[in-house]
2 protein chains.
Amino acid sequence: MRTYGQYCALAKALDVVGDRWTLLIVRELGLRGPCRYTDLRHGLPGIATNLLADRLREMEENGIVRREEAPPPVATTLFHLTERGVELAPVLLALGHWGAEYMGERREGDEFRSHWLRYPIEHLFTDAAPDGPAVEIELRTGDQPILVEVGGGAVRARPGVAEKPDLVLSGEPEVVLGLLRERFDLRAARRRGLRTEGDVAVLDRLHNLG
Amino acid sequence: MRTYGQYCALAKALDVVGDRWTLLIVRELGLRGPCRYTDLRHGLPGIATNLLADRLREMEENGIVRREEAPPPVATTLFHLTERGVELAPVLLALGHWGAEYMGERREGDEFRSHWLRYPIEHLFTDAAPDGPAVEIELRTGDQPILVEVGGGAVRARPGVAEKPDLVLSGEPEVVLGLLRERFDLRAARRRGLRTEGDVAVLDRLHNLG
DNA sequence: CGGCATCCTCTTTGATACTG
DNA sequence: CAGTATCAAAGAGGATGCCG
């Protein structure tokens, strides 16, 4: 681990989490909770396997990741964030908020994983009608469906399906996200391939913060 | 500039500011305002000059830095943050806050510049007695004196000296910072080489947030 | 001096193949 | 599943040179 050799809190932080891939590994563990090595590889398209192993080792040494051997019959290794790793959440949020600007276009070849939607959905929106009945929106985009629950003042997103979703949105991620973020309207989203089932009015429950 | 190729706001942000040295350059421009190339080199001990030139070019292309040629007779180039660059402030603050944990010890060979104290001082402290008279504390550590003004609810730090400071603290940066952050008391700080002139009671005006 | 560009070496990364 | 091993390419670091 190459260090900047500067007595400065920012430089010290970057000594620990400034290496390529490190913060994305924190993202995966933060989004999905404890992960197997293979889960991490799936959530980090493009990473070389040796690099993932190297990073996990360094992050363990630096106290932001903890490795836990699950006992038989499961017999697998689970990687967790430590408390110190969890404390990186404000950093990820600040960076993600700043980077949201670049989400307008999806570049050719950009990989996408549905669970990445959790951070933007839970942090870019609040419940516009906390006293209204809870609503469920299912997003069908990327590798797995995401269930968005809006109610009681909170917005939650996680992999899963609803028995009777109020609304189902299907299409390319940049279209689904663009619609949610009100970068364009329903008509434009449909022109870009969006399909909907159910009551599109429940989208009004998402109050856009950003 | 190597990209992660992921349709994710965090990855997109890191595509732009994740390269080595980039965020430290933003720090310098944020702390000091528009800088000459040479000022940047001074504030970034350890950077190779070609790398600084490369980064400044990339950052300009990415819209976070703007270059301005001062007219003769000054005839120098000034590097500014763009609006987009200024918007990185929350990222720097989050990272700096997280990295403050590592400031307890100063590692052998760690370089230090006094103006780096501005972020921690202005963001780790508030004015404990907003209605009291303003006080001035001069810090003599590192390459130049820093003047800390506490009053009216605000804490400001900048290079400079006071005509009649209420308190002067001299010593190694880790001692001055450790004292301010209440990691140890005045007695312990003196044992570590701190020298004071004036009224140490004004330190009570700094309310420690972190 | 200020603002780089070049050259060289060393380290890190990425792609792929292979293993207990 | 959870990594190692290998090797080529890219990037970082250091020294020095150049030009207004």
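Sequence lines set the chain letters: A, B, ... in the order given, protein chains first and strands last, and positions in each chain run from 1. Below, each value reflects all heavy atoms present in this structure, side chains not excepted, and no hydrogens, waters or symmetry copies.
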Rounded to the nearest Å, what distance is computed from the [atom1] atom of residue [X] to the [atom2] atom of nucleotide [N]?
X	N	atom1	atom2	answer
B:D54	D:dA12	CG	C1'	10 Å
B:N50	C:dG3	CG	C1'	13 Å
B:R36	C:dC1	CZ	C1'	9 Å
B:L51	C:dC10	CG	C1'	14 Å
A:R41	C:dG14	CZ	P	14 Å
A:I47	C:dT13	CD1	C1'	10 Å
B:D19	D:dG13	CG	P	11 Å
B:H42	C:dG2	NE2	P	12 Å

>> Given D:dG3, C:dC4, C:dT13, identify the nucleotide with an atom nearest to the side chain of B:A53.
In response: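 Closest nucleotide to the B:A53 side chain: C:dC4.
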> Choosing from C:dG3, C:dG14, C:dA5, which nucleotide comes nearest the side chain of A:A48?
Replying inline: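 Closest nucleotide among those given: C:dG14.
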Just N and O in the side chain of [X]: are any of them under 4.0 Å from OP1 or OP2 of [N]?
X	N	value
B:T49	C:dC4	no
A:R55	C:dG14	no
B:T38	C:dG2	yes
B:T76	C:dG3	yes
B:W21	D:dG11	no
A:R20	C:dG14	yes

May I ask you to establish whether [X] and [Y] are in a cation-pi arrangement, using a distance under 6.0 Å from NZ or CZ to the six-membered ring centre and at most 45° from the ring axis?
X	Y	value
B:R20	A:Y4	yes
B:R192	B:F184	yes
A:R84	B:Y102	yes

> Hey, does A:L194 have a side-chain heavy atom less than 4.5 Å from the side chain of A:V176?
Replying inline: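 Yes, side chains in contact.
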>> Under 4.0 Å between a side-chain nitrogen and a carboxylate oxygen: does that hold for B:E197 and B:R140?
In response: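 Yes, B:E197 and B:R140 are salt-bridged.
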> Does A:D39 pair with A:R36 as a salt bridge, N-O distance under 4.0 Å?
Replying inline: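 Looking at A:D39 and A:R36, the cut-off is met.
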>> Going by side chain to side chain contact (heavy atoms under 4.5 Å, CB included), A:C35 matches just one of A:L44, A:T77, A:L40. Which one?
In response: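 Answer to the side chain to side chain contact (heavy atoms under 4.5 Å, CB included) test with A:C35 among A:L44, A:T77, A:L40: A:L40.
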>> Can you give me the bend angle of the helix from C:dC1-D:dG20 to C:dG20-D:dC1? Use the axis through the first five pairs and the one through the last five, nearest 10 degrees.
In response: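 Taking the rotation axis at each end, their angle is 30°.
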